[in-house]
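Since this is a predicted model, take the numbers as computed values, not measurements. The first residue in the sequence is number 1, and the count goes up from there.
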Amino acid sequence: MSEKATWRSGDETAALVGRLCAVSRRLHQILGASALRASSSAASIAFDEWSLEHAFHAELLFERLPRRAGVDPEALVELGALGGALELLEELGSGGDDVGLGAG
């Protein structure tokens, strides 16, 4: 039994890709800052690698946003409802909780 595919409009797809780009950008910032505060060199290296991976993904996603007259691609890059979850991750990272941030 297969489910029927749901199709998104161009605007819906652009909003989704913009949200994914925003999340990757934010994770890059959170993990990069956590790499500087990590309590061990292993955690620092792991956070730095993850940070760079998210930066790369954010660039790729931004390049796939639509380029249309009157539409600023940067305006599509917003966290939306995911902002709260990322704030929690940032709190874990800023408190020096390497395990909590890694598990989050």
Side-chain angles (χ1 to χ4, degrees):
M1 293 199 267
S2 65
E3 292 184 29
K4 191 174 187 177
T6 56
W7 297 95
R8 292 184 182 93
S9 70
D11 289 340
E12 290 172 325
T13 302
L16 176 62
V17 173
R19 209 168 17 261
L20 291 171
C21 179
V23 168
S24 285
R25 283 181 179 180
R26 193 69 190 112
L27 286 172
H28 164 64
Q29 294 168 343
I30 293 168
L31 292 167
S34 296
L36 298 174
R37 292 189 294 263
S39 59
S40 72
S41 58
S44 179
I45 290 169
F47 291 148
D48 188 52
E49 287 179 1
W50 294 336
S51 172
L52 293 174
E53 187 173 315
H54 281 288
F56 176 66
H57 288 160
E59 286 180 32
L60 291 176
L61 289 164
F62 188 77
E63 290 172 3
R64 273 130 186 100
L65 287 170
R67 304 294 194 257
R68 294 184 290 207
V71 177
D72 177 17
E74 198 64 49
L76 297 169
V77 181
E78 51 185 50
L79 290 172
L82 298 173
L86 292 170
E87 285 178 18
L88 177 61
L89 277 178
E90 186 174 22
E91 287 176 25
L92 288 172
S94 66
D97 185 2
D98 295 347
V99 174
L101 182 62

Rounded distance (nearest 0.5 Å) linking atom [atom1] of [X] with atom [atom2] of [Y]:
X	Y	atom1	atom2	result
I45	D48	CD1	CG	8.5 Å
L60	L20	CG	CG	12.0 Å
L76	R19	CG	CZ	10.5 Å
R37	S44	CZ	OG	11.0 Å
L31	E90	CG	CD	10.5 Å
E59	C21	CD	SG	9.5 Å

Co-membership, hydrophobic cluster, residues [X] and [Y], 4.5 Å side-chain:
X	Y	value
L27	L82	yes
V23	V77	no
L16	L65	yes
L61	V71	yes

- With distance as the sole test, does H54 use its side chain to make a donor-acceptor pair with the main-chain N or O of R25 at under 3.5 Å?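 Looks like no, no N/O pair under 3.5 Å.
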List the atom of [X], the atom of [Y], and the distance in Å for their closest heavy-atom pair.
X	Y	value
H28	L52	ND1-N, 4.4 Å
P73	P66	CG-O, 4.0 Å
W7	E12	O-OE1, 4.2 Å

- Query: Does atom CZ of R8 have more than 12 heavy-atom neighbours, drawn from other residues, nucleotides or ligands, at distances under 6.0 Å?
  - Reply: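 Counting neighbours around CZ of R8, 12 or fewer heavy atoms of other residues, nucleotides or ligands fall under 6.0 Å, so no.
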